[in-house]
Amino acid sequence: AREIPFGIQAWLMAVYILTGFLTVHQLTTQYLTTPLATSQVTKWGCQSATAVAVYALFQHWGVDEFFITPIWFRGQTGWSATAMHAGFGNPQFVSTYLCLHVPLFFVFRDRKYLVGLALVLAAIALIPCRFTWLATALGLLTYGALRWAARWPKTARIGLPLFLVLSLG
């Protein structure tokens, strides 16, 4: 019998990663060539994260018009009955997606982005996924350290990225 070294899941993940890299390459070389385009894409990311957070919060509260609970979930209580997957299929994917967008909300000073940040943080807090709580906290600490270091003289800032890499890794 012919053996396959990896299952289809491994090959699909490789295709997803390559597709992501190609998308990032196309965005950076073709579209994100001006600060205005970069700002627009960042705004879209914040708005999509806010929409995902609102959907996840609605799922947490049991207000979900778009998802019909499967028969095997009916009558269950606890974590599986209130899983906040928001269309991602898995609560961990939702919380990771939201965690990656948290520092982007600080780019804008508009009040609607602060409200979006509050919704995203509430959704992250309600999803029972400790690694994204830690990743969110580390992302906020790193953002704060970089904002604080921006006030330092240039010679003092050179060692900050090295310090952050060594302390986190």
Side-chain angles (χ1 to χ4, degrees), residues 10 12-61 79 82-169:
L12 283 177
M13 281 297 150
V15 169
Y16 294 155
I17 290 170
L18 288 174
T19 305
F21 282 146
L22 287 173
T23 303
V24 168
H25 174 72
Q26 282 299 107
L27 282 174
T28 56
T29 58
Q30 301 296 318
Y31 185 69
L32 302 176
T33 56
T34 65
L36 181 63
T38 305
S39 174
Q40 186 63 41
V41 169
T42 306
K43 285 180 183 180
W44 291 340
C46 291
Q47 291 165 357
S48 74
T50 302
V52 168
V54 167
Y55 187 25
L57 290 170
F58 280 161
Q59 283 182 330
H60 179 72
W61 294 321
W79 181 81
T82 61
M84 300 163 54
H85 57 80
F88 283 75
N90 191 331
Q92 288 83 4
F93 295 154
V94 175
S95 60
T96 302
Y97 177 78
L98 294 176
C99 167
L100 291 173
H101 283 83
V102 166
L104 297 179
F105 281 95
F106 291 107
V107 173
F108 306 106
R109 301 281 183 223
D110 197 4
R111 185 176 302 251
K112 67 182 175 183
Y113 291 103
L114 292 178
V115 171
L117 175 64
L119 290 169
V120 166
L121 290 175
I124 290 172
L126 290 173
I127 295 174
C129 194
R130 289 186 296 254
F131 73 88
T132 52
W133 298 344
L134 179 63
T136 302
L138 286 175
L140 290 173
L141 284 173
T142 303
Y143 177 79
L146 291 174
R147 291 288 291 198
W148 179 55
R151 297 184 181 124
W152 294 355
K154 188 173 184 175
T155 56
R157 283 186 293 193
I158 293 173
L160 183 66
L162 180 63
F163 170 75
L164 288 174
V165 168
L166 291 176
S167 65
L168 296 178

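These numbers come from the heavy atoms of this one structure, side chains and all, not from hydrogens, waters or symmetry mates.
Contact record, Trp133 with Ile127: NE1-O, 3.3 Å, taken as the closest heavy-atom pair. Residues Gly116 and Thr50 share a closest heavy-atom pair of CA-OG1, 3.5 Å. Taking both residues in full, the closest heavy atoms of Gly139 and Pro103 are given as O-CG, 4.4 Å, listed atom of the first, atom of the second, then distance. Ala49 and Tyr97 make their closest contact through CA-CE2, 4.0 Å (heavy atoms, listed as atom of the first residue, atom of the second, distance).
Residues that satisfy the side-chain contact (heavy atoms from CB on, under 4.5 Å) test with Leu114, not counting sequence neighbours, are absent from this structure.
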Go through Tyr55 and Val94 one step at a time and tell me if the side chain to side chain contact (heavy atoms under 4.5 Å, CB included) criterion holds.
CA-CA 10 Å; Tyr55 187 25; Val94 175; over 6 Å; no

CA sep, side-chain torsions, deciding dist, call: Leu119, Val54, side chain to side chain contact (heavy atoms under 4.5 Å, CB included):
CA-CA 7 Å; Leu119 290 169; Val54 167; 3.7 Å; yes

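How far CZ of Arg147 is from OG1 of Thr142: 14.5 Å, rounded to the nearest 0.5 Å. Here the CG-OG1 distance, from Leu18 to Thr23, works out to 10.5 Å after rounding to the nearest 0.5 Å. Distance check, rounded to the nearest 0.5 Å: CG of Leu104 to OH of Tyr143 gives 10.0 Å. Between the CZ atom in Phe131 and the CG atom in Leu134 there is a gap of 10.5 Å [rounded to 0.5 Å]. Atom-to-atom distance recorded for Thr96:OG1 and Ile124:CD1 is 9.0 Å, nearest 0.5 angstrom. The line from CG of Leu100 to OG1 of Thr136 is 8.5 Å long, rounded to the nearest 0.5 Å.
Of the residues Leu121, Val115, Leu117, the one that meets the side-chain contact (heavy atoms from CB on, under 4.5 Å) test with Phe105 is Leu117.
Here the side chain of Thr38 pairs a donor or acceptor atom with the backbone of Thr34 at under 3.5 angstrom.
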